[in-house]
Amino acid sequence: MNALLRSTARCLRSGAAVCLPGPASRRAWAPSARLLSSAADLQKDLGQMVKKDKVVVFMKGTPAQPMCGFSNAVVQILRMHGVDEYAAYNVLEDQDLRQGVKEFSNWPTIPQVYFNGEFVGGCDILLQMHQNGDLVDELKKLGIVSALQNAEKESK
């Protein structure tokens with residue numbers, strides 16, 4: 001029993017997430033295989049998530065109730081263009097998702113916008129695309145006609 005307690009204490013002090021039992025001379029201290037595989041699984045899942053819909057947004061909150069100004073700006077820009085159907089993932093509900101999407105895109109901030117599985121950028125990039133007209137063109141490539149383009153045609 002004392003050997004088990006000493007072994008457990010050594011394991012906890014070492015910081016190892018997984019301690020494999022065995023004789024003291026061949027004790028194995030391994031990083032958590034579960035954590036490593038779940039991180040790999042999350043990256044694979046993210047790859048599938050961003051391809052599932054034409055437009056995907058990882059944001060703080062939901063489109064109906066954004067929880068930060070930048071996420072709200074992305075929702076408003078998409079709404080101005082008439083893009084109402086898109087996949088939105090609330091990163092505040094899942095810290096692993098929040099960190100995982102940052103690693104997946106190699107982009108440090110939220111919100112993050114994807115078109116047809118390709119990372120577009122965050123709020124600043126989407127705002128710039130909106131202001132210079134590139135967003136209308138990118139939406140057209142997705143088969144989405146911007147409401148702003150329709151409004152422009154009607155005013156002529």
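This structure is a prediction, so every number in the text was calculated from the model and none was measured.
With sequence neighbours excluded, no residue forms a side-chain hydrogen bond (donor to acceptor under 3.5 Å, both in side chains) with Asp84. Applying the side-chain hydrogen bond (donor to acceptor under 3.5 Å, both in side chains) rule to His81 yields the partners His130, Ser146; only residues at least two apart in sequence or on another chain are considered. In this structure Glu103 satisfies the side-chain hydrogen bond (donor to acceptor under 3.5 Å, both in side chains) test together with Gln99, sequence neighbours excluded.
Across all non-hydrogen atoms, the minimal contact from Ser71 to Pro66 is C-CB, 4.2 Å. Shortest non-hydrogen contact noted between Val120 and Ile125 is O-CG2, 3.5 Å.
Atom CD1 of Ile77 sits about 4.5 Å away from atom CG of Leu127, to the nearest 0.5 Å.
For residues 87-100, there are no salt bridge (Lys or Arg N to Asp or Glu O under 4.0 Å) pairs, not counting sequence neighbours. Residue pairs meeting the salt bridge (Lys or Arg N to Asp or Glu O under 4.0 Å) criterion with at least one partner in residues 116-145, sequence neighbours excluded, are Glu138-Lys141.
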Side chains of residues 108-116: which donor-acceptor partners sit under 3.5 Å, not counting sequence neighbours?
unit_1	atom_1	unit_2	atom_2	d
Thr109	OG1	Trp107	NE1	3.1
Gln112	OE1	Ser105	OG	2.9
Gln112	OE1	Tyr114	OH	3.3
Gln112	NE2	Ser105	OG	3.1
Gln112	NE2	Trp107	O	3.1
Gln112	NE2	Thr109	O	3.1

Could you list the donor-acceptor pairs under 3.5 angstrom formed by side chains in residues 43-60, with sequence neighbours left out?
unit_1	atom_1	unit_2	atom_2	d
Gln43	NE2	Gly100	O	3.1
Lys52	NZ	Tyr89	OH	3.4
Lys54	NZ	Leu142	O	3.0

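Within 6.0 Å of CG in Asn106 there are 12 or fewer heavy atoms belonging to other residues, nucleotides or ligands.
Residue Met67 is found in a hydrophobic cluster whose other members, listed by chain and number, are Leu92; membership requires side-chain heavy atoms under 4.5 Å apart, directly or through intermediates.
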